S.K.: 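Pasting a structure below so you can have a look.
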2 protein chains.
Amino acid sequence: MAESAAKTIMSGEGRLFLTDEQLRKGIEAMFFAYRGFTADPDRILEERGYGRAHHRAIHFIHRSPGTTVNNLLSILGVTKQSLNRVLRTLIDDGLVESRIGTSDKRERHLYLTEAGEELEQALSDAQRSRMRAAYRAAGPEAVAGFRQVLEAMMDPDLRRHYSALREAGQ
Amino acid sequence: MAESAAKTIMSGEGRLFLTDEQLRKGIEAMFFAYRGFTADPDRILEERGYGRAHHRAIHFIHRSPGTTVNNLLSILGVTKQSLNRVLRTLIDDGLVESRIGTSDKRERHLYLTEAGEELEQALSDAQRSRMRAAYRAAGPEAVAGFRQVLEAMMDPDLRRHYSALREAGQ
DNA sequence: CTTGGAAAGTCAACAAGGCTGACTTAAAAT
DNA sequence: ATTTTAAGTCAGCCTTGTTGACTTTCCAAG
């Protein structure tokens, strides 16, 4: 890791020269790390008969309580039918509440119930604990670099969502 | 990004204090970045009627020519039946060649054919080009941090695979 | 030399979670 | 009054994962 960083050569004009080999390592790092990233929540979800799709819905409803279905669709990047299937089970199981909009009654605003918040806690505790361990192991400068590269890797539309969350969140 | 990095406070003893909010941002960064990471190859795969599972197989056969089915299984973390379905189509389509082992004739050693190497090139060109752009945008120190955090996030078994590749690769 | 176990392959059946297309209902907007 | 938008639903399809059962081939240890 340290050696490979040393291999990213800067030319005179400050342009970065990256070998295919270094890029391939980055690609594989993403692949293997993402597996770790999802492993812990996956175990919890399986116990309760849910999948990653449920996790994603729960995560973003928790983060933006009262979000509309349409908004959630554009964040998750799936079809209405696909999201609806997941949302249906979460509502039926009493983890998510769907309230009719006050100003625009066509909209449904989504909230986690107490039980939903509980599951969200369990899931994000598991995921954060791995993230925290990785951050601690790598150090604060590495964390800054990690986020910079990831942000640069996003599609512009998705980055919009990510950044919008930053304003609201931080 | 820069501001948030500044928020990772170091205590007197050098321990890192990370707020749930910072960790949540890291989690969402992984989510959105992974979407970008797979977007370009996904488009190429779709044209040819393949999926991500085919990409993964092609990637690791390219990287370790002559690898056995068992080895591939442990890297990909799927069942024999699941891999076999994908491998079957790749062999039938003439992208992968399966040769009976010389020392142990039970084993099959997997190689990409010329057509397979061609597709691999197209896929990894697309993926590398995004990775290269992200690396350039973020700079060499960020890249080192990126890889450090990702490596720390892997499951130990998967990290073994990742590191083994490093020796062979770099 | 036989027997046990490993590597690979296959068949069948199932589930999650994507997708498209078509259609309804209610409400907002024009 | 008409059109558009938000949401929901039904039906059907695909990919990619799963389990379980079973075969063939072959290495290796008793």
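No experiment lies behind these values; they were computed from the predicted model shown.
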S.K.: Closer than 4.0 Å, any side-chain N/O of B:H54 to the OP1 or OP2 of D:dT15?
M.R.: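 For D:dT15, neither OP1 nor OP2 has a side-chain N or O of B:H54 closer than 4.0 Å.
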S.K.: Write down the distance between CG (A:D104) and P (D:dT4), rounded to a whole number of angstrom.
M.R.: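 That distance rounds to 17 Å.
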S.K.: Between B:N84 and C:dA8, is there a side-chain N or O to OP1/OP2 distance below 4.0 Å?
M.R.: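 Answer no for this pair, as no side-chain N or O of B:N84 is under 4.0 Å from OP1 or OP2.
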S.K.: Please give, in whole Å, the distance from D:dA6 P to A:L83 CG?
M.R.: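 Going from A:L83 (CG) to D:dA6 (P), I get 15 Å.
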S.K.: Report yes if a donor N or O on one partner sits less than 3.5 Å from an acceptor N or O on the other, where the partners are the side chain of A:R106 and the base of C:dA26; otherwise report no.
M.R.: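 A donor-acceptor contact between them is absent.
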S.K.: Which nucleotide sits closest to the side chain of A:N70: D:dA6, D:dG8, D:dG17?
M.R.: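 For the A:N70 side chain, the nearest candidate turns out to be D:dA6.
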S.K.: Does C:dG17 have its OP1 or OP2 closer than 4.0 Å to a side-chain nitrogen or oxygen of A:S82?
M.R.: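 Indeed not, no polar side-chain atom of A:S82 lies that close.
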S.K.: So, is B:R52 close to the D:dT16 phosphate, meaning a side-chain N or O under 4.0 Å from OP1 or OP2?
M.R.: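 So the side chain of B:R52 is outside the cut-off, no N or O lying under 4.0 Å from OP1 or OP2 of D:dT16.
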S.K.: So B:V69 and B:L72, do their side chains get closer than 4.5 Å, heavy atoms only?
M.R.: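 They are not in side-chain contact.
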S.K.: Rounding to an integer number of Å, can you tell me how far A:L76 CG sits from C:dA16 P?
M.R.: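 Nearest whole value for this atom pair: 19 Å.
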S.K.: Select base, sugar-phosphate, or nothing to describe what B:R88 touches, counting heavy atoms under 4.0 Å on all strands.
M.R.: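 Here B:R88 touches the backbone only, sparing every base.
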S.K.: Over all strands shown, is A:S103 touching base, sugar-phosphate only, or nothing at heavy-atom distances under 4.0 angstrom?
M.R.: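 The residue A:S103 makes sugar-phosphate contact but no base contact.
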S.K.: So A:F32 and B:Y162, would you call those rings parallel, tilted or perpendicular, with 30° and 60° as cut-offs?
M.R.: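 The rings of A:F32 and B:Y162 stand perpendicular, inter-plane angle above 60°.
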S.K.: Could you tell me how far apart B:R85 (CZ) and C:dA12 (P) are, to the nearest whole angstrom?
M.R.: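 Atom CZ in B:R85 sits about 13 Å away from atom P in C:dA12.
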S.K.: Over how many whole Å does the gap from B:K80 atom NZ to D:dT19 atom P extend?
M.R.: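 Checked: the NZ to P distance equals 12 Å.
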S.K.: In whole Å, what is the span from the CG atom of B:L73 to the P atom of C:dT10?
M.R.: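 The answer, rounded to whole Å, is 14 Å.
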S.K.: Using a distance-only criterion (donor-acceptor N/O pair, under 3.5 Å, no hydrogens), is the base of C:dG17 paired with the side chain of A:Q81?
M.R.: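 Check fails, no donor-acceptor contact within cut-off.
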S.K.: When you measure from the side chain of B:S163 to the backbone of B:R160, do you find a donor-acceptor pair of N or O atoms at a distance under 3.5 Å?
M.R.: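 Not a single qualifying donor-acceptor pair exists.
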S.K.: Rounding to a whole Å, what distance do you find between B:I91:CD1 and C:dA8:P?
M.R.: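 In whole Å, C:dA8 P lies 12 Å from B:I91 CD1.
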S.K.: What nucleic acid atoms does A:G77 come within less than 4.0 Å of, heavy atoms only: base, sugar-phosphate, or nothing?
M.R.: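 Since only primed, P, OP1 and OP2 atoms lie under 4.0 Å of A:G77, the category is sugar-phosphate.
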S.K.: Write down the distance between NZ (B:K105) and C1' (C:dA6), rounded to a whole number of angstrom.
M.R.: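 Atom NZ in B:K105 sits about 17 Å away from atom C1' in C:dA6.
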S.K.: When you check the side-chain N and O atoms of B:H59 and A:E28, is any donor under 3.5 Å from an acceptor?
M.R.: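 Result is yes, a qualifying pair exists.
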S.K.: Let me know, please, whether A:Y50 or A:R108 comes out on the 5' side of the other along DNA chain C by nearest nucleotide.
M.R.: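 In this pair, the answer is A:Y50.
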S.K.: So, is B:R56 near the phosphate of D:dG17, with a side-chain N or O under 4.0 Å from OP1 or OP2?
M.R.: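 Yes.
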S.K.: Between A:F146 and A:Y135, how do the two ring planes meet: parallel, tilted or perpendicular, split at 30° and 60°?
M.R.: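 Perpendicular, since the angle between the ring planes exceeds 60°.
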